[in-house]
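The next block holds one structure in the form of structure tokens; read it before the comments.
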There are 2 protein chains.
Amino acid sequence: MHSRSPASRTGRPRSATADAAILAATRAALVELGWSKLTLGDVATRAGVAKTTLYRRWSGKNELVVDAVAELFDELELPDSGSLAADIEGVVLQFAAILARPEAKSGLMAVVAEATRDDALRERIRESVVDRQKRLVLEGRSRAQARGELPPEPDPVTASRTADLIFDMVAGAVVHRTLVSGEPVDEEWVRGFTLVLLRGLAAEAAHPAAG
Amino acid sequence: MHSRSPASRTGRPRSATADAAILAATRAALVELGWSKLTLGDVATRAGVAKTTLYRRWSGKNELVVDAVAELFDELELPDSGSLAADIEGVVLQFAAILARPEAKSGLMAVVAEATRDDALRERIRESVVDRQKRLVLEGRSRAQARGELPPEPDPVTASRTADLIFDMVAGAVVHRTLVSGEPVDEEWVRGFTLVLLRGLAAEAAHPAAG
DNA sequence: GGGCTTTCGCTACGAGTCGTAGCGTAATGC
DNA sequence: GCATTACGCTACGACTCGTAGCGAAAGCCC
């Protein structure tokens, strides 16, 4: 989560209940009000805590919403369905289901927008949201290579680059479809997407093709 | 741009200079302050107009920023470079160059986030930003089909669906790479991306593979 | 030129939010 | 019991919002 260091061993400990209540209240406020109309005073009232308590734990709206939205991605798991295509389809559908929730929609993109001018916020998003998604890509590829569906990478540099490319293609397409195009990520779309991606990757691996 | 109807033929006309000054001031404020710290009063001061003038033309921050950012995409053009791969790479590099500018970064994602709770705003973004990008996809495919690089579509329904898929994959990947991963869209990345996409599409077209 | 209409710049305003300070109280560890 | 920290509460100045009202300016039409 946020700060983990138990810098203080003495004194009254912070209420763990309050943390959970604040984050839940933040998500509820995101659903009802959206990002722009969400105020920290309102969140504090919903959570049943004082506004000052909220400010003692989070430095502002951005950090609070990142933590509140990050919890939504806890449920993301890579299903071991036996084939790479099914793995991808399963993860994409899970990711899309989370992204379709109103608290994720209005909150996530807003903090990403803010992160363009705030390096610390960008790093916070990376740690609590993005890296968890990226790990699924790495794990999925490793499984597919073990099954022989994808060839092993020749060197770690291109392996890392390809993983980054795949991640941006998968997450980017789903996010863009959901938030910009405003169309649902249903099974039909996922099938078409997976088809294009997988065949592109298989062919790309067969023909390394460095320009 | 915004309202096109010259509803009033009489009276003092609106200053066209003011419109341009306000939009330019908005972009300047986005660069210096970012989305969250941008205030309409400050934009009015920068543009040399009264705050009330600004409110007469735009209903709020969201609509103003959409128009200001939309102008950045005016320069987007499809280069006729002779091959589909070169066309894609050219457009992607143009798109990425625009998206890398700070006024686009901080403004565009913020209004997209707001648009998740505002249908009118979403439509405004679609008209002034998204559709112009989408047209390039349609045009590029049509050229590639004329060249024989892509097979003609069997029916208009799947043609439309495939175009939507390609658009979300291209725009999504570039946006995600730029804003979420925070990595540059350089020529090396574009080559790898185009390779995967094109080979996926060519194979997909060869094997229609429904269900 | 005279009149009509709309826009313009300016000032001022109530409402709402921000983030902080100060206080007395509650809950821990030693 | 004592030191230390977190808590709830209240209050505060600073800021932004969006609007109203005013006199002046800049166009059309006769």
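Reminder, nothing fancy here: chain letters follow the sequence lines and each chain counts from 1. This is a predicted model, so every value here is computed, not measured. Hydrogens, waters and symmetry mates play no part in the numbers below; they use all other heavy atoms, side chains included.
- Look at CH2 on B:Trp58: it is 18 Å from C1' on D:dC17, rounded to the nearest Å.
- Between B:Asp164 and B:Lys134 the shortest side-chain heavy-atom distance falls below 4.5 Å.
- Both B:Ala18 and A:Lys61 lie near DNA chain C, and the one whose nearest nucleotide falls closer to the 5' end is B:Ala18.
- In this structure the side chain of B:Trp35 reaches within 4.5 angstrom of the side chain of B:Glu114, judged on heavy atoms.
- Taking a cutoff of 4.0 Å between a charged side-chain nitrogen and a carboxylate oxygen, A:Asp80 and A:Arg143 qualify as a salt bridge.
- Distance CG (B:Leu33) to P (D:dC15): 15 Å, rounded to an integer number of Å.
- For the segment residues 40-56 of chain A, residues with any heavy atom less than 4.0 angstrom from an atom of DNA chain D are, sorted by number, A:Gly48, A:Val49, A:Ala50, A:Thr52, A:Thr53, A:Arg56.
- When rounded to the nearest whole Å, the span between CG of B:Leu64 and C1' of D:dT16 equals 16 Å.
- Between B:Arg14 atom CZ and D:dC28 atom P the separation is 16 Å, expressed in whole Å.
- Here A:Arg117 pairs with nothing under the salt bridge (Lys or Arg N to Asp or Glu O under 4.0 Å) rule; sequence neighbours left out.
- Residue order along DNA chain D, read from the 5' end via each residue's closest nucleotide, puts A:Pro13 first among A:Pro13 and B:Gly11.
- No hydrogens or angles were tested; on distance alone, a donor-acceptor pair under 3.5 Å links the side chain of A:Arg12 to the base of C:dA26.
- Look at A:Glu153 and A:Arg141 and you find a salt bridge, because one of the NZ, NE, NH1 or NH2 atoms lies within 4.0 Å of a carboxylate O, short of that distance.
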Residues 179-186 of chain B, side-chain donor-acceptor partners within the protein, below 3.5 Å, at least two apart:
{"from": "B:Ser181", "atom 1": "OG", "to": "A:Asp168", "atom 2": "OD1", "distance (Å)": "2.7"}
{"from": "B:Asp186", "atom 1": "OD1", "to": "B:Trp189", "atom 2": "N", "distance (Å)": "3.0"}

